[in-house]
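In what follows, a single structure is set out as structure tokens and then discussed.
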Amino acid sequence: MLNEQLQLYIEDLIPERDSLLLEMERFAELHHVPIMELTGIEAMLQLLRIQRSRKILEIGTAIGYSALRMASAIPEVQIVTIERDIERLQLAKQYIQRSKHSDRIILIEGDALEVEELVRPHAPFDAVFIDAAKGQYKKFFELYAKLLQDHGMIITDNVLFKGLVAQPDIPVKRTRNLVEKITGFNNWLMNHPDFDTVILPVGDGVAVSKKRGE
Ligand code: SAH
Ligand code: MG
């Protein structure tokens, strides 16, 4: 996590998004939809460009913002994205239909832990992007790592959770439990025998895990 001044400096340098994406950013802010932070998503998009991802699985569509950012950044990429909140999924559908990329984004409705069968026909994926319920990260990772291409990568958002992962005393029990889940996940991930992982201190903390070669 960068200090605020540097964060703002970088954000100011990032080129404007198109009008639909800006509208979505405003909607998200107004309605407290936790879309990915700007510096985090820019870092992720750059990795996906370098990897030349062709097929990406996203867990946690929300209103479709990150899915549309990925579709606009990478020509020809196909995105399969899962969302369990029906209202958000409807909004995502509408926004995606208004974009130029609706033919490259497949929306799957349901709990990511229950729809693997619907996802599997689209596998293998070059990248999996985990951005859903923080308490379930390990389960998402284990379930969908199986659908990853050799040398594919998994990107996980919010692994620094507003800096709380490094804060010693967290008074609110619910928050403390969630922080323990995330730090548990981070420890598990950093020691995973099949993946090399780096945690980037951008946005809300982005973990990039690359499958080890055979
Ligand atoms: N990736 C989006 C933001 C996702 S916010 C973006 O950056 O634009 C997280 C979303 O994950 C929420 O909309 C929530 O409803 C969804 N979610 C949480 N747990 C889920 C699960 N188990 N299965 C499917 N969706 C889930
Ligand atoms: Mg997030």
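Just follow the structure's listing: the first ligand is 1, and inside any ligand the first atom is 1. Computed from a predicted structure; not experimentally measured. No hydrogens, no waters, no symmetry mates; every other heavy atom, side chains included, goes into these values.
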At a 4.0 Å cut-off, with the gap strictly under it, does some heavy atom of [X] reach an atom of ligand 1?
X	result
R69	no
D111	yes
R88	yes

Note the single closest protein heavy atom to [atom], along with its residue, its atom name and the distance in Å.
atom	value
atom 18 (C) of ligand 1	A133 N, 3.3 Å
atom 15 (O) of ligand 1	E83 OE2, 2.5 Å
atom 8 (O) of ligand 1	S66 N, 3.0 Å
atom 23 (N) of ligand 1	A112 N, 2.9 Å
atom 11 (O) of ligand 1	G60 CA, 3.4 Å
atom 3 (C) of ligand 1	D131 OD2, 3.3 Å

Ligand 1 atoms in contact with [X] (distance to a heavy atom under 4.0 Å):
X	value
G110	23 (N), 24 (C)
T61	2 (C)
D85	15 (O)
A132	11 (O), 17 (N), 18 (C), 19 (N), 20 (C), 26 (C)
P34	3 (C), 5 (S)
E58	1 (N)
M36	6 (C), 7 (O)

Linked, directly or transitively: [X] and [Y] (ILVMFWY side chains, under 4.5 Å):
X	Y	answer
V202	L8	no
F185	M190	yes
L13	M36	yes
L47	V198	yes

Within the 3.5 Å criterion, strictly below it, is a donor on [X] or [Y] matched to an acceptor on the partner's side chain?
X	Y	value
S53	Q51	yes
E58	S66	yes
Q94	Q90	no

Check: Is the closest N or O pair between Q136 and ligand 1 shorter than 3.5 Å?
Finding: no

Give a yes/no answer: is there an N/O/S atom of [X] under 2.8 Å from the Mg ion (ligand 2)?
X	answer
D157	yes
M36	no
D131	yes

Margin query: Whether R69 and E42 form a salt bridge (side-chain N of Lys/Arg under 4.0 Å from carboxylate O of Asp/Glu) is what I want to check.
Written below: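 Yes, this pair counts.
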
Notebook entry, point to check: Under 30°, 30 to 60°, or over 60°: which ring-plane class applies to H192 and F141, parallel, tilted or perpendicular?
Noted result: tilted

Check: Hey, what's the ring geometry for Y137 with F140, parallel, tilted or perpendicular (30° and 60° as the breaks)?
Finding: tilted

Note to self: Main chain of K162, side chain of D204: is a donor-acceptor contact present, judged purely on distance under 3.5 Å?
What the structure shows: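 Yes.
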
Next item on the list: Mind checking the CD-CG spacing from Q7 to L38? Nearest 0.5 Å is all I need.
Entry: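 Spacing of CD (Q7) from CG (L38) equals 8.5 Å.
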
Note to self: Nearest non-hydrogen contact with atom 21 (C) of ligand 1 belongs to which option: R84, M70, M24, E114?
What the structure shows: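 It is R84 that holds the nearest heavy atom.
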
Note to self: Taking the ring of F125 and the ring of Y144, is the distance between their centroids below 6.0 Å?
What the structure shows: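 When the ring centroids of Y144 and F125 are compared, they turn out to be at least 6.0 Å apart.
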
